[in-house]
Amino acid sequence: MRAGSFCALKARGAMRVQHYRVAGESVAVRNVETPEDVRAFVDWCRSNRSRPVAFDTETTGLDIYAPGFRVRLVQFGTEREAWVLPVDTAAGMGYAPHEAVREALETLPYLLAHNAKFDALAVSAHLGVDLVRLWRRITDTRILAHLLDPRGPQDPDGIGHGLKPLSARHVDPDAPDTQAGLYAEFRKIGHTKETGWAAIDLRNPLYTLYAGLDVILTSRLFAALGPLVEFAGYGRLSEFEHAVALVCARMEARGFLLDVEYTETLAARLLAEADEWSAVARRFGVSSVNAPAQIAAALEGMGENLTETTDSGALKVDKEVLMPIADLDRKWQRIGAREANPLAEAVLRAKRASKWATSYADAMLSRRDGNNRIHPDIASLQARTARMSISRPPLQQLPSGDWVIRRAMQAEPGCVVGAVDYQAVELRVLAALSGDVQMTAAIHAGKDLHGFTAELIYGPGFTEYHRKVCKGIGFGKVYGGGPDTLSRQTGAPLDQVKAAIRAYDRAYAGVRRYSKRLQDRAEWGAKEVVTPSGRRLPLDRRKLYAATNYMVQSTARDVLAEALLRLDERGLTDYLRLPVHDEVVFAAPAADAKDIGREIQAAMSVKDFFGVPLTTDLEIGGRTWGSLYGAAA
DNA sequence: ACTTTCACG
DNA sequence: ACGTACGTGAAAGTG
């Protein structure tokens, strides 16, 4: 069915109803625009209390906490019909049935939503609905879809977790792309993808139709996925993920305080720094430091010999290539091995400064709420290994070697920032899952694992350099890396790395056997690994070597996710600010920070994880996050 | 839309 | 037989 094929009926005094076809069946979208319509909606809610009802919101944008954000429509629906209720009082419709919407959200016992966290946070922040009580009644179809297939749209055979691709697969191959359709409508009314959401008329027929169709599709998606979830035995895991998502949503709602004055000064300084170095690059004929082809040409013109190439065959001029040419080591210190190429150094410094300015400092400033708090998008179930991700701004990947960016985030007045992280959690998970005797014994003995490996391989006279090589090999092996990559990554010569790998496999025979078993099983049976939590992770045919990594990364993620639930049980959620893969960042009153930190530690630590202890480190800093990375406060 | 680069664990 | 480094988010340039 095409978008234009619906017909709108509006007899005098009758509700505006739009009809459409989904999966060969007629569906109705009812627009609530009068007190009479509201009464009909309330009656409908009463008669649907025993059935799952999908809900969704249309809003002015994605930044729930930005000044000016508004919820515009709230929709409810089942497989055959949807009710669209305008709640945007700023739109001048003269009628906004807030009370009915609130009541529906507070009393319907079984709610569905796709990507429910967004809608739940929006209605809790702007319609006064209690988040926790609402969340308890929600099933998020995105969570179900992720459990059934965690692959993203960019992965081989992956379709991702958007409502559109999932509907096309499970509901109706011709289901409309409601978002794309709306963008076209926005352009028609002289707006863009960004501005259209706030500007479009609340009664625009395409807008209300698509709003209604989204809940109908969500209902039907649930009807398709629900039985699959049951059949796969994912009931408990689904409950677990919903609980984890709530803790993360509460972190997101609370937000993390930004030091605005500091960040503004920092952004200006970084921008000036980027400008200075860009000016230097320009003197060498590079008009943009973000244009690799220009940089490569200019460097070759200066007599540099570039050999590394990208996947598409172009000359590579990334940090790894440029640092040696600029005679800089990994800590940006002069090596003294050659004369520094001034263009290479200018490009490196300009790029770093501008990335830090735009991706971090500016991103933080532009996304603060009225109280200068940042509410990053915490996706509790995101990667194909189920790892969490944080975006807008990307607070999980702020520079860690320098404190200047993290210094921007701070605790409330009178409070300090702290962090609790697991010690070498992925290696410990590997030891636990593989049951490797040697590795498990080393952990129990409280040994430094990389030093222990170095001793096994090089003997008691091993050096710090040997330890570093072994650390690289330990990580590289978990990732599935071969000798070439490990040699490149660790900087150690190839023959030495090969010898170290052989020694490593001998020392940790259990790990080797475990990896082989996972891969063999994948080769002969289903192309997947199954984690201890029961999560099934599909493998790419051409990447079966990733089996161990998926297993370890995903299990480590589940360790943190379970820890979040224990933290929540102990009433510690309000202190939490961020999950960062193997750690949590928290803020607490200065006087109690030590006690609270220890409580967090106690909740996170695991005495016996398949025979291996998962221990944690506690760090208490000062007022700012940067203080944990060397800043003064 | 795709590529390249760079920030994290 | 050989060889494969895993997972993210974001900006900017190129086509």
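Atom set for the values below is all heavy atoms of this structure, side chains included, hydrogens, waters and symmetry mates excluded. Per chain, numbering begins at 1; letters A, B, ... match sequence-line order.
Residue-level contact check: Arg557(A) touches neither bases nor backbone, having no heavy atom under 4.0 Å from any strand. Among the atoms of the strands shown, base atoms are found under 4.0 Å from some heavy atom of Thr485(A). Ile405(A) comes within contact range of no nucleotide atom at all, as no heavy-atom separation falls under 4.0 Å. Counting any heavy atom pair closer than 4.0 Å across all strands shown, Glu583(A) reaches no nucleic acid atom.
Between the CD atom of Gln553(A) and the P atom of dG9(B) there is a distance of 13 Å, given to the nearest Å. Distance CZ (Arg387(A)) to P (dC8(B)): 14 Å, rounded to an integer number of Å.
The line from CG of Leu430(A) to CE of Met551(A) is 10.5 Å long, rounded to the nearest 0.5 Å. The distance from atom CG of Leu539(A) to atom OH of Tyr550(A), rounded to the nearest 0.5 Å, is 7.0 Å.
A tilted orientation is assigned to the rings of His450(A) and Phe475(A), their planes being inclined by 30° to 60°.
Residues Val497(A) and Ile473(A) approach most closely at O-CD1, 4.4 Å, considering heavy atoms. Contact between Pro393(A) and Pro376(A) at its shortest, heavy atoms only, is O-CB, 3.8 Å. Closest heavy-atom contact between Gln519(A) and Leu544(A): CG-O, 3.4 Å.
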*For DNA chain C, what is the dot-bracket line, given that a base pair needs Watson-Crick (N1 to N3, plus N6-O4 or O6-N4) or G-U wobble (N1-O2 and O6-N3) geometry with both distances under 3.5 Å, and | means paired with another strand?*
.....|||||||||.
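Every residue was checked against the side-chain hydrogen bond (donor to acceptor under 3.5 Å, both in side chains) condition with Asp421(A), not counting sequence neighbours, and none meets it.
Of the residues in residues 527-548 of chain A, those lying under 4.0 Å from DNA chain C by heavy-atom distance are Lys543(A), Tyr545(A).
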*How does protein contact run along nucleotides 2-7 of chain B, one letter per nucleotide 5' to 3', with B for base contact, S for sugar-phosphate only, - for none, heavy atoms under 4.0 Å?*
-SSSBB
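Taking for each of Tyr550(A) and Gln519(A) the nucleotide of DNA chain C with the nearest heavy atom, the 5'-most of the two is the partner of Gln519(A).
Shown are Asp149(A), Asp540(A), Asp157(A); of these, the salt bridge (Lys or Arg N to Asp or Glu O under 4.0 Å) with Arg384(A) is made only by Asp540(A).
No more than 12 heavy atoms of other residues, nucleotides or ligands shown are found within 6.0 angstrom of CG on Asp311(A). Remark: Arg373(A) CZ is packed, more than 12 non-hydrogen atoms of other residues, nucleotides or ligands lying under 6.0 Å away.
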*Between Ile374(A) and Met409(A), does a side chain to side chain contact (heavy atoms under 4.5 Å, CB included) hold up when you go through it step by step?*
CA-CA 9 Å; Ile374(A) 306 281; Met409(A) 306 308 304; 3.7 Å; yes
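Residue pairs meeting the ring-ring contact (aromatic ring centres under 6.0 Å, His included) criterion with at least one member in residues 497-524 of chain A, sequence neighbours excluded, are Tyr504(A)-Tyr508(A).
Separation of the P atoms belonging to dG9(B) and dT4(C) is 26 Å when rounded to the nearest angstrom.
Using a 4.5 Å cut-off on side-chain heavy atoms (C-beta onward), Ile378(A) and Met251(A) make contact.
A 4.0 Å heavy-atom criterion places the boundary nucleotides of DNA chain C facing chain A at dT4(C) to dT14(C), written 5' to 3'.
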